[in-house]
Amino acid sequence: MALDRRAFLWSLASSGLVACGGGGAALRSVPTRALDADALGQAELIRTGEITSAELVMETIARIETLDAPINAVTTRFFERALAESKGSLPDGPFRGVPFLLKDLNDLAGTRNTMGSRMFAKQISKQSTLHTERTVEAGLVILGKTNTPEFGLVATTEPALLGVCKNPWNLDYSAGGSSGGAAAAVAAGMMPMAQASDGGGSIRVPASCCGLFGLKPSRGRNPQRASNRPVDISVKHVVSRTVRDSAAFLAATERTDAKAPLPAAGFVTAPEKRRLRIGYHTKTAYGTDADPQVAASVEETAKLCASLGHEVSEAMPEYQGEAFREHFLALWMARPFALRREIEAQGGNPSELLEPVTLGMADFFAKLPEGSLEKAIAFLHGYGPAVNGFFDDYDLVLSPVLRTPPIPLGTQAGTLPFEDVFDPMIEYVSYTPVWNAAGNPAMSVPLGMSANGLPIGSQFAARLGEESTLLALAYQLEAAAPWAGRLPGPRD
């Protein structure tokens, strides 16, 4: 049952958690245009004094309480903490005072971090990640955590611990994964931008499913503490309604220290002026055909790019499809195997703590020949240079994000038998993982719609470190085919 928004706000004010003015003066009403603005727009309204951060946070909480029940996007809430922060001295970043959500794979000190798994249902983060610290320094006020599949391992957000997250465009369909809760919250209009992460497509996939803009930054772009991962394929960023929010967040959080492996991207603010060479394809990395609706959508995107003056032709990088699949899966399945061993070493029962697909992945890895992980690591270290040869002749590559439009719920969930999910999932996400392995930036741009009214994204990828090229083109596409106001259903 939806909570009455005004009653909820007054209950917070009367509790003393949020001051409502001298002598109990009435709360100011936050205009709908402020709630519907992008994050930079909201920050500007706060900066000019038209609204306060506390007022915007309260109204955003009310929106979450009203809209989230049928969607289940926001699964951990620390509203009192956020409200207190909104009344305090916030960092003077580009998003000062703007409400925000973290994905439940990320650490924020003193808050729950379940990683979508019963294994960590009661885990409380002792320390924030460096990327989360940068997020706070940007001025964002974190209200809670968003739904994610177990350990971010599958492309739909339906975990046993947190429950099914539904696509706001159609509640019978998946919001994607693993940043499904983040994308569903933004698509539903709860807030304009939310944190996401991407280890195999987990920003781009839900952005495509939910009709949002989703940029996966280059490897090395994010600040992070020392990593012991043999190949660091996962990066953090956001899903957003507008390109400029994504661009500003990247500029606020990227590495700029002397040891940064890439030149700073900075705040990209303008559309593309160059004539880009864009190669496009619709077949998967494994040579199979995309769903006709998806193929048609990408071809329309190619025509749009050509109409904007870019040089567009059919071309496909040498993805080494079968070899890539073999080695990427060995790396992907290694973690579930390690998690199962950890549970067994502590005398626990893996089947009580891990979902069937996670256990199936552990079994998959256990059956691989000895030395498979080492071979996978060696292959993936050389994969980026091999794939990047494509960019000697092209500035960008255009492809689908997903092989089909968004899938129905209950078809690829981690709670299903592994043998029912594995092959369909690999085909479904067969366009995105190559860029995690290579380390290149890639983005999902919401330019298409399926026959039954579900979003279809188009993926662009660029040479390592060239987020600026992607963002400049995204601004151009956003102006030519606006999408920010295209949201499902009512927002109040």
Side-chain angles (χ1 to χ4, degrees), residues 38-39 71 73 101 103 105 146-149 152 154-157 165-170 173-217 234-247 249-250 294 297-298 301 398-407 428-429 431-433 435-436 440-450 454-462 467 470-471 473-475 477-478 481-488:
D38 69 359
I71 297 169
L101 293 167
K103 180 179 177 181
L105 292 181
T146 56
N147 205 339
T148 187
V154 296
T156 182
T157 302
C165 180
K166 300 178 180 180
N167 191 321
W169 290 88
N170 186 322
Y173 285 82
S174 170
S178 62
S179 307
V186 174
M190 298 178 205
M191 57 185 54
M193 179 177 74
Q195 190 268 331
S197 58
D198 193 317
S202 293
I203 290 173
R204 292 157 289 160
V205 168
S208 179
C209 290
C210 293
L212 304 173
F213 180 70
L215 172 72
K216 181 198 86 69
S234 184
V235 294
K236 297 177 174 65
H237 195 51
V238 292
V239 287
S240 62
R241 292 204 296 262
T242 65
V243 175
R244 71 171 190 160
D245 277 353
S246 182
F249 186 87
L250 185 70
V294 171
S297 180
V298 168
T301 299
L398 163 64
S399 75
V401 178
L402 293 163
R403 186 168 177 255
T404 71
I407 55 174
Y428 183 52
V429 297
Y431 296 93
T432 54
W435 302 115
N436 295 88
N440 296 49
M443 65 181 180
S444 177
V445 185
L447 296 172
M449 296 292 287
S450 70
L454 291 168
I456 297 174
S458 293
Q459 177 177 241
F460 292 86
E467 287 91 335
L470 291 174
L471 289 166
L473 176 64
Y475 277 120
L477 295 170
E478 184 180 39
W483 60 74
R486 190 183 66 195
L487 293 171

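The structure presented is a predicted model; accordingly, all values stated were derived computationally and were not measured.
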With D198, the side-chain contact (heavy atoms from CB on, under 4.5 Å) member among R204, H237, K236
R204
For a quick test of reading the model, state the closest non-hydrogen atom pair linking P149 to T157 and the distance between them.
CD-OG1, 3.5 Å
Sequence neighbours excluded - side chain to side chain donor-acceptor pair (under 3.5 Å) pairs with any residue from residues 184-193:
none
Under a 4.5 Å cut-off applied to non-hydrogen side-chain atoms, are L402 and V294 in contact?
no
Non-neighbouring partners of S240 that pass side-chain contact (heavy atoms from CB on, under 4.5 Å), sequence neighbours left out:
M193, F213, D245, S246
Restricting to side chain to side chain donor-acceptor pair (under 3.5 Å), what partner residues turn up for S297, sequence neighbours left out?
none
Closest heavy-atom pair, A175 versus C210, reported as atoms and distance to 0.1 Å, is O-SG, 3.6 Å
Is any side-chain heavy atom of W483 closer than 4.5 Å to a side-chain heavy atom of L212?
no
Closest approach of A73 and A185, non-hydrogen atoms and distance?
CB-N, 3.8 Å
With a 4.5 Å limit on heavy-atom distance, are the side chains of M449 and W169 in contact?
yes
Side chains of K103 and S197 only: does a donor on one sit below 3.5 Å from an acceptor on the other?
yes
Output all residues satisfying side chain to side chain donor-acceptor pair (under 3.5 Å) with T148, sequence neighbours left out; order by chain, then residue number.
none
For residues V186 and P192, determine if any side-chain heavy atom of one lies less than 4.5 Å from a side-chain heavy atom of the other.
no
Listed by chain and number, what are the side chain to side chain donor-acceptor pair (under 3.5 Å) partners of S399, not counting sequence neighbours?
Q459
What heavy-atom pair brings A184 and C165 nearest, and what distance separates the two atoms?
CB-SG, 3.7 Å
With a 4.5 Å cut-off on side-chain heavy atoms, are P455 and P446 touching?
no
If I compare all heavy atoms of Y428 with all of C209, which pair ends up nearest, and what's the gap?
OH-SG, 3.7 Å
Taking all heavy atoms of G200 and all of T432, pick out the closest pair and write down the distance.
O-OG1, 2.6 Å
With A462 via side-chain contact (heavy atoms from CB on, under 4.5 Å) - residues at least two apart:
L396, P441, E466, L470
